[in-house]
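Down below is the structure, laid out as structure tokens.
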Amino acid sequence: MGIASSLGETETDYKWESSTSELPSIDTNQLEPSEIVLLTPRDDEITNNENLLRNLSTFTTSIRTFHDSKACEKYLKTSFLKEIILLIVKSNFAEGFIRIVHDLQSIVGIFIFSSEQNDPFLWSQNYSKIRSIIYNADGLIYELLKDQIFSNNLLYSKHFQILKKQIFTRSSCVDVENDSFICFILLLTILTSESDSLLPPSCKRSFQNLHRYYRNTPETSKLIKQLEENYKKDGAIKTLLNNTTLARFLDKALYEQNIPVLFHSRFILVDIYKHQLNHRLSLADTYTTQIMSFDDLKKIDSKAKTNHFIMFKRFLLTSTDPLSLPTMNVTDKKLRNVLLEIHAEDKEDTFPFACVEENLIFGDNRKINSKILFMPGSIFQIKSLEQMTHVTWKLKLNLVGHNEFKILVNEQQKLRTNNNPLIVSDLFNKYGQFDKAIEYRRHLLLELPKNQMSMFSKVQFQHLNIKKLLLF
């Protein structure tokens, strides 16, 4: 694609080169929010069990195996890319190793795999993160399935932002920590849009690009092919609901505002947004559970009395039947289980919410349990916070529109008036997120129709260094 011809330059000066030799090797494991770490002896029944390893990959494609406890300890103590690590330890290593690594923040669950069913492991009662003692491969998968809901909720415990009241009275002062939520909402607005400002999103084009860049890495190419086949079969909503690899990549990208991944996920975001528009509800009273830190709850408790807000940086899946929600055993003293009670009324300036699944409630054919999905960037007013037990709280929220926030409305109006998606790059710069501003411009350039290229100056083309554009 010649991107500089309209600027009077030769195409070769600024042409985007697709040669893989110019792209560094990228570990796609970085896209996963969680990781499974195995510590076992060599030639152990776990590492030699291909069926087990294949089943483990349904939880995360990021799986690391160690046979040396010192090497495993070093990795765990220096691994900062993963929000969640599930540790599976063979009993040979268990007691001494767990004593060393148990309190590492990234480790949220430990499973001991043992061949000795007569060993009671009495010492394990001293360690709250030990989920289970397992004696066979099927038992491991069963326990991981039970733990998955808790792990996902723990992951989501960071995927929200509490907004200060000042943000909708201030006009000139910049509060970087809080006002950056505007970048998130405008970025989503552009990525879910099907306006003439960007090329139509294409599932086929995205996967073709991925195949091209990773054609020399067989394992990654195999994973990409599998993701593509599953998406074509299941579609966007099932992909999201079934905790698929693609959904996990997207969740992490939304939380981190990973610009490359989000641009390549446009086709998913647009497909989901279309569903939300086509099935949007006018009213819903719905529920979900959320693990929160005790410190966050204290912040919310003080703000509930002064009309503060919370924005979720993920797809928020809720249920109209609170009794259908799974119960979670929260053992960490710093965490609390929170029931979110949500009242939502559709408005012109809210992201649409919609039903994605309906089931009859067992024993009552007249009542239907609906799964209601809220878009990332949905903002709720904090109405009240009530402690139900010593570890369980109830947080009442009301969905609000973007018109509550004057500083956001002003930027949205600029976007509508000028129809210029570069406004997001300017906002990233304004709030000190300079790397994101550059990444955004790079990837925006690939999504622009030819008649929109004029918004980029020659200087901007040179600055973007298109030859070294990275997809992931």
Side-chain angles (χ1 to χ4, degrees), residues 1 3-4 6-7 14-17 22-24 26 30-31 81 159 161 163 167 170-193 195 197-199 201 206 209 249-250 252-266 269 311 313-314 376-377 402 405 407-449 452-472:
M1 175 175 67
I3 57 177
S6 62
L7 302 176
Y14 302 109
K15 184 178 179 182
W16 169 38
E17 301 291 346
E22 298 193 31
L23 295 171
I26 302 297
Q30 295 176 8
L31 304 177
L81 291 176
H159 292 198
Q161 181 177 351
L163 305 179
I167 59 176
R170 188 176 57 256
S171 57
S172 58
C173 179
V174 175
D175 186 334
V176 173
E177 182 181 352
N178 293 280
D179 293 357
S180 59
F181 85 102
I182 298 170
C183 300
F184 185 85
I185 290 180
L186 263 67
L187 175 62
L188 277 177
T189 301
I190 289 170
L191 292 176
T192 55
S193 169
S195 72
S197 299
L198 299 179
L199 292 171
S206 292
N209 285 337
F249 286 0
L250 183 56
K252 186 178 182 185
L254 285 165
Y255 169 61
E256 296 178 347
Q257 290 186 55
N258 186 319
I259 302 299
V261 177
L262 289 176
F263 265 98
H264 271 277
S265 304
R266 268 190 72 215
L269 292 169
M311 181 189 76
K313 298 181 179 181
R314 63 179 176 96
H402 295 160
F405 308 93
I407 191 169
L408 172 59
V409 171
N410 291 340
E411 298 298 342
Q412 289 176 321
Q413 185 60 43
K414 288 180 191 176
L415 179 60
R416 282 192 293 268
T417 302
N418 302 325
N419 195 29
N420 185 345
L422 281 173
I423 187 175
V424 175
S425 176
D426 296 336
L427 285 170
F428 277 132
N429 279 324
K430 179 179 179 180
Y431 297 120
Q433 301 180 49
F434 306 115
D435 290 343
K436 282 188 171 62
I438 293 173
E439 285 289 345
Y440 177 81
R441 286 174 179 257
R442 285 176 173 173
H443 289 275
L444 175 65
L445 185 57
L446 295 180
E447 298 291 327
L448 288 176
Q452 295 284 338
M453 293 296 179
S454 59
M455 71 174 65
F456 280 91
S457 68
K458 175 182 174 181
V459 174
Q460 287 172 329
F461 272 122
Q462 291 172 325
H463 179 60
L464 291 177
N465 195 7
I466 300 302
K467 284 189 175 183
K468 294 183 179 179
L469 177 63
L470 304 181
L471 288 184
F472 281 171

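What you see is a predicted model, and the numbers here were worked out from it, not measured in a lab.
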**Message:** Which label fits Phe405 and Phe181: parallel for a plane angle under 30°, tilted from 30 to 60°, or perpendicular past 60°?
**Reply:**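 The arrangement is perpendicular - the two ring planes meet at more than 60°.
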**Asked** Which word best sums up how the rings of His264 and His443 line up, parallel for under 30°, tilted for 30 to 60°, or perpendicular for over 60°?
**Response** perpendicular
Taking all non-hydrogen atoms of both residues, which atom of [X] and which atom of [Y] are closest, and how far apart?
X: Pro421; Y: Asn419; answer: CD-O, 3.6 Å
X: Phe184; Y: Gly377; answer: CE2-N, 3.5 Å
X: Leu163; Y: Met311; answer: CD1-CB, 4.4 Å
X: Ile259; Y: Lys436; answer: CG1-O, 4.1 Å
X: Pro376; Y: Leu188; answer: O-CD1, 3.3 Å

**Request:** Before giving the answer on salt bridge (Lys or Arg N to Asp or Glu O under 4.0 Å), spell out for Arg442 and Glu439 the whole-Å C-alpha distance, their side-chain angles and the decisive distance to 0.1 Å.
**Result:** CA-CA 5 Å; Arg442 285 176 173 173; Glu439 285 289 345; 3.7 Å; yes
Less than 4.5 Å apart, side chain to side chain, heavy atoms only: is that true for [X] and [Y]?
X: Leu250; Y: Leu262; result: yes
X: Ile423; Y: Asn418; result: no
X: Tyr440; Y: Leu187; result: yes
X: Gln257; Y: Phe428; result: yes
X: Ser180; Y: Gln433; result: yes
X: Leu444; Y: Phe263; result: yes
X: Phe249; Y: Ser265; result: no

Between [atom1] of [X] and [atom2] of [Y], what distance do you get to the nearest 0.5 Å?
X: Glu447; Y: Leu191; atom1: CD; atom2: CG; value: 8.5 Å
X: Gln413; Y: Leu408; atom1: CD; atom2: CG; value: 11.5 Å
X: Lys313; Y: His159; atom1: NZ; atom2: NE2; value: 9.0 Å

**Partners meeting side chain to side chain contact (heavy atoms under 4.5 Å, CB included) with Ser193 (sequence neighbours left out)** =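 For Ser193 the side chain to side chain contact (heavy atoms under 4.5 Å, CB included) partners, ignoring immediate neighbours, are Ser195.
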**Message:** For Asn429, give me all partners under side chain to side chain contact (heavy atoms under 4.5 Å, CB included), at least two apart in sequence or on another chain.
**Reply:** Ser425, Phe434, Ala437
**Request:** Determine, stepwise, if the pair Leu186 / Gln412 fulfils side chain to side chain contact (heavy atoms under 4.5 Å, CB included).
**Result:** CA-CA 7 Å; Leu186 263 67; Gln412 289 176 321; 3.8 Å; yes
**Message:** Enumerate the salt bridge (Lys or Arg N to Asp or Glu O under 4.0 Å) contacts for residues 412-425, please, sequence neighbours excluded, ordered by first and then second residue.
**Reply:**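 Of all non-adjacent pairs touching residues 412-425, those that pass salt bridge (Lys or Arg N to Asp or Glu O under 4.0 Å) are Glu411-Lys414.
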**Prompt:** Under 3.5 Å, is there a donor-acceptor pair between the side chain of Asn420 and the main chain of Leu422?
**Reply:** yes
